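Taking it in order: structure first as structure tokens, then the write-up.
A quick note: this is a predicted structure, and the numbers were derived from the prediction, not measured. Note that ligands are numbered from 1 as they come in the structure, with each ligand's atoms numbered from 1 the same way.
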Amino acid sequence: MMIYADNAATTKMSSTAIRAMLPYMDQVYGNPSSLHTAGQQAAEALQSARERIAVCLGCQPREIYFTSGGSEADNQALISAAKIGERKGKKHIISTAFEHHAVLHTLQGLEKQGFEVELLPVGEAGTVTAQQVADAIRDDTCLVSVMYANNEIGSVLPVGEIGKVCRERGVVFHTDAVQAAGHLPIDVREQCIDLLSLSAHKFHGPKGIGVLYARQGLTLTTLIAGGAQERGKRAGTENIPAIMGMAAALEEACAHMENNARAVSALRDKLIAGLSKIPHSALNGDPVHRLPGNVSFCFEGIEGESLLLLLDAKGICASSGSACTSGSLDPSHVLLAIGRPHEVAHGSLRLSLCHWNTEEEVDEMLRVIPQVVEYLRNMSPMWKDQKSGKRTFVL
Ligand SMILES: *Cc1c(COP(=O)(O)O)cnc(C)c1O
């Protein structure tokens, strides 16, 4: 038996999404830019996908731009808003310390171009308030970018309130909603969102496809030049099978959102309650405003990497933080941002669940994880020093 508990890294595709893709590989395979019937059939499919996705987000079809995924959508959103700001002489950007690297590294690039980037602290619970954003906005602020939900620690941020503040102050608001789309309600009008990124493979759709929603009137900067696809803002022949798979997956996720969230959060809460009994451990992220499937812990005295390898040997696929930072020895910037000391940040574990996980799997994880944590602690010199009082416990 393999337990897959790494749905924040990527998800298994739903059979609905797979079935929705197949006809666009061998039947309707034309290029939507072609004038002939085969091309026009593909163009119609593309338009229908755009309309269906727009309904899920509460926007107009013409406000949907297809991208290669969440990273590209984040890059294009931030660069576009920065260019718009620059033309008005506004070069101050507000974001948070625990964004995904697709946002943080793009912001570093903008800093090199003379933008001033202010990263708001996220506190111990890992969140920012609308008041923090309001206090940070200046006359020369051109962009606020705050993620909807954090991919490592699961905190859900008050994007609707932040959107309202930005709208009142006339500042463009982008949200990286890659972890939220298909899992939490999105209504870009009501939440006053100007730019939003999502990625299909985080809600049981295919990999390599995503959406940038851009409110009408916001001129996007072209990152990929070439043909006139996506209203001239993103060249390249459209990946129709993936787009159809994404539309089907998003509709399915939105249709079952409440039921899935209820079931998954019950599993999450059982896991959190069980793992909290491990001594010298701490839950990461906001305990209340939390993604339905996210369980994130720090265990003192162990190495997250060793924990992952031992769990994998016992059939449990988990993560120590984000898939992107695994393989590097630096502790996660997210855990450091919520104030975990380096040595504690190294002992992190993220389990991310979906509606296909079962209560039996949760019971199995609750049987295995405490054993493995204890096994690793008994081998750790740091743990021995702490037990003997030579070194103090942090958690
Ligand atoms: C996965 C993820 C991304 C990147 O999306 P890709 O489609 O893999 O490029 C960006 N932001 C967040 C919060 C994510 O979880």
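Donor-acceptor pairing under 3.5 Å is recorded for the side chains of E72 and S68. There is no side-chain donor-acceptor pair under 3.5 Å between Q40 and E44.
Residue K202 approaches ligand 1 through these ligand atoms, each under 4.0 Å from one of its heavy atoms: 1 (C), 2 (C), 3 (C), 14 (C), 15 (O). The S71 neighbourhood of ligand 1 comprises atoms 4 (C), 5 (O), 6 (P), 9 (O), with distances under 4.0 Å to a heavy atom of that residue. Each of the atoms 7 (O) of ligand 1 lies under 4.0 Å from some heavy atom of G69. Near M147, the atoms of ligand 1 lying under 4.0 angstrom from a non-hydrogen atom of the residue are 13 (C).
In terms of polar-atom proximity, defined here as any N/O pair under 3.5 Å, D176 does make such a contact with ligand 1. The N/O atoms of E72, backbone and side chain alike, include none that comes under 3.5 Å of an N/O atom in ligand 1.
Protein heavy atom at the shortest distance from atom 3 (C) of ligand 1 is H100 NE2, 3.5 Å. In this structure, atom 8 (O) of ligand 1 lies nearest to the protein heavy atom H201 NE2, 3.0 Å. Among protein heavy atoms, the minimum distance from atom 7 (O) of ligand 1 is reached at S199 OG, 2.6 Å.
For F299 and W383, the distance between ring centers is not under 6.0 angstrom. Here the two rings, on H256 and H183, have centers that are 6.0 Å apart or farther.
Under the 3.5 Å distance criterion, the side-chain polar atoms of R268 are matched with a main-chain donor or acceptor of R290. Side chain of S197 to backbone of D176: no donor-acceptor contact under 3.5 angstrom is found. Remark: side-chain polar atoms of E251 are not paired, donor with acceptor, to backbone N or O of R52 under 3.5 angstrom.
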| task | In sequence, state the C-alpha distance, the side-chain angles, and the governing distance for R215 and E63, and then conclude on salt bridge (charged side-chain N to carboxylate O under 4.0 Å, His left out). | result | CA-CA 6 Å; R215 188 164 62 85; E63 297 173 311; over 6 Å; no

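Using a 4.0 Å cut-off between heavy atoms, D74 contacts ligand 1 through its side chain alone, with no backbone atom that close.
Distances from atom 6 (P) of ligand 1 to the heavy atoms of A200, A73, A177, G70 put G70 nearest.
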